[in-house]
Amino acid sequence: MDSKMKAFMDGVRQHNPGEDEFLQAVQEVVESIWDFYQQNPAWQKASLLERMVEPERVVMFRVPWVDDRGDVKVNRGYRVEFNSAIGPYKGGIRFHSSVNLSGLKFLGFEQTFKNSLTSLPMGGGKGGSDFNPRGKSDMEIMRFCQAFMAELFRHIGPNTDVPAGDIGVGGREIGYMFGMYKKLRNEFTGVFTGKGREYGGSQVRPEATGFGAIYFVREMLALKQDDLKGKTIALSGFGNVAWGAALKATELGAKVVTISGPDGYIYDAEGISGAKINYMLELRASNMDVVAPYAEKFGAQFFPGKKPWEQAVDIAIPCAIQNELNENDARMLIDKGCKLIAEASNMGCTAEAATLAAAEITFAPGKAVNAGGVAVSGLEMSQNNMRIDWTREEIDAKLQQIMTNIHQTCARYGKEPSGKINYIKGANIGGFVKVAEAMMAQGVV
Ligand code: GLU
């Protein structure tokens, strides 16, 4: 590591002690863009990178709510408004027991570059709570969402900050939060994306992250004159992202053989297709956070407490949570013949796993692979602002075009002398340029 870069990272580390996930995300971006950044003295003079690693605003608040037994519970709520240089803050809300400030800062930071890659005018933000939806009743979920929004409403708005879903936040939670926002503000605006179709939601938004990931993998394969037909795929997770990816991968002729939950993973040698994919929605709706019932229902294998990365597959797509695939997992996958790892979860691989996969096979990072979700959120914002509703075909065509463009951007900035594409570098520089130029144009603010 060059000494100037080391000094920069030491400064960030001192300034953000103990925020391991945030530091991991910053380190990856800084390593990728450093040489490019050094070539522009005006950026350095403007302390652009120093400003970029500092969120514009962080809101932290108490969320008190009453459970079904009448007991008062207290959770912590957050919104990290990271960067608004190219548009209103935009990014999901995560409800998960692991949520803390470091995690949300990493996600908001990543979101800034991801949103820039989509080419749509969206800044970066992320929010959430350490509230754990597992086992909660529908009324408890509603009361929590309302309590969360009772504070968040004053910090967001259709031209200020537009949240969406993420882990633990789907259509139901967005409905409850949107309803509360509308009541408190007395206005109907596109302040959330991922809304129900009946009240301003876009076609294809639920499928968009998974579909986009598979469109991106299709582009990666096409570059090697290859395609998805007959490929075996290991997915992790069983939520919205894995569901969309399974649908599109199966449609394009691949065979998805695994999904997973906190309880272990399912291996289905016949492929997870048709009604089995829809069953993922039932599992999710049960609020129990388990995949084991799939094995009983469809006669597949269940491996308790294990991750799917021990199976022999052509392609692995982590779809669950950050750092869910480590160096040992990557080693196992590669040794058993895996040729491509694409992160559909944000920072799904540890830094070591990503480095290994990028060196030995083909690897693409989440901010490129999973940008389809927020891209369709951007299209939802456009439709809301214009008060129109594009068809499923129109949205799907735009999504495919956006994923193709992101792949081209990665190739443009990440092509190495050998001809191999360094997708980490390509995505980071590609996402960085527009934000950097916008910040320079807007002065020191
Ligand atoms: N949570 C998703 C992401 O990580 C979607 C964000 C959005 O649609 O605003 O990109």
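Numbering of residues begins at 1 and proceeds along the displayed sequence. Indexing begins at 1, ligand by ligand and atom by atom, following the structure's order.
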**Asked** What about the rings of Phe148 and Phe95, do their centers lie closer together than 6.0 Å?
**Response** yes

**Message:** Could you identify the single nearest non-hydrogen protein atom to atom 6 (C) of ligand 1 and state the distance to 0.1 Å?
**Reply:** Gly92 N, 3.6 Å

**Prompt:** Does ligand 1 have a heavy atom under 4.0 Å from the side chain of Asn346, from its backbone, from both, or from neither?
**Reply:** side chain

**Request:** Compute the centroid of each ring, for Phe178 and then for Tyr199, and state whether the two points are separated by less than 6.0 Å.
**Result:** yes

**Prompt:** Does Phe211 have Lys248 sitting over its ring (NZ/CZ under 6.0 Å from centre, angle to axis within 45°)?
**Reply:** yes

**Request:** Consider every N or O of Gly165 and every N or O of ligand 1, then say whether any pair is closer than 3.5 Å.
**Result:** yes

**Proximity of Arg205 to ligand 1 by residue part, where a heavy atom lies under 4.0 Å** = side chain

**Prompt:** Hey, which atoms in ligand 1 end up nearer than 4.0 Å to a heavy atom of Gln111?
**Reply:** 3 (C), 4 (O), 6 (C), 10 (O)

**Message:** As an exercise, identify every atom of ligand 1 less than 4.0 angstrom from a heavy atom of Lys114.
**Reply:** 3 (C), 4 (O), 10 (O)

**Asked** Which ligand 1 atoms are under 4.0 Å away from a heavy-atom of Lys126?
**Response** 1 (N), 3 (C), 4 (O)

**Complete:** the protein heavy atom lying closest to atom 9 (O) of ligand 1 turns out to be Lys90 NZ, 2.7 Å

**Request:** Considering the heavy atoms of Ala164, write down every atom of ligand 1 situated less than 4.0 Å from one of them.
**Result:** 7 (C), 8 (O), 9 (O)

**Prompt:** Which option, Ser377, Ala344, Ala375, owns the non-hydrogen atom nearest atom 8 (O) of ligand 1?
**Reply:** Ser377

**Parallel, tilted or perpendicular, as decided by the 30° and 60° cut-offs, for the rings of Trp65 and Phe144** = perpendicular

**Asked** How far is atom 1 (N) of ligand 1 from its nearest protein heavy atom, and which residue and atom name does that atom have?
**Response** Asp166 OD1, 2.8 Å

**Asked** Parallel, tilted or perpendicular: which describes the rings of Tyr265 and Phe303, with under 30° parallel and over 60° perpendicular?
**Response** parallel

**Distance-only donor-acceptor check, side chains Gln24 and Asp20, under 3.5 Å** = no

**Request:** Kindly indicate whether the side chain of Tyr279, heavy atoms from C-beta on, has any atom under 4.5 Å from the side chain of Pro293.
**Result:** yes

**Request:** Apply salt bridge (Lys or Arg N to Asp or Glu O under 4.0 Å) to the pair Arg94 and Asp166, showing each step before the final yes or no.
**Result:** CA-CA 5 Å; Arg94 176 175 293 191; Asp166 197 78; 2.6 Å; yes

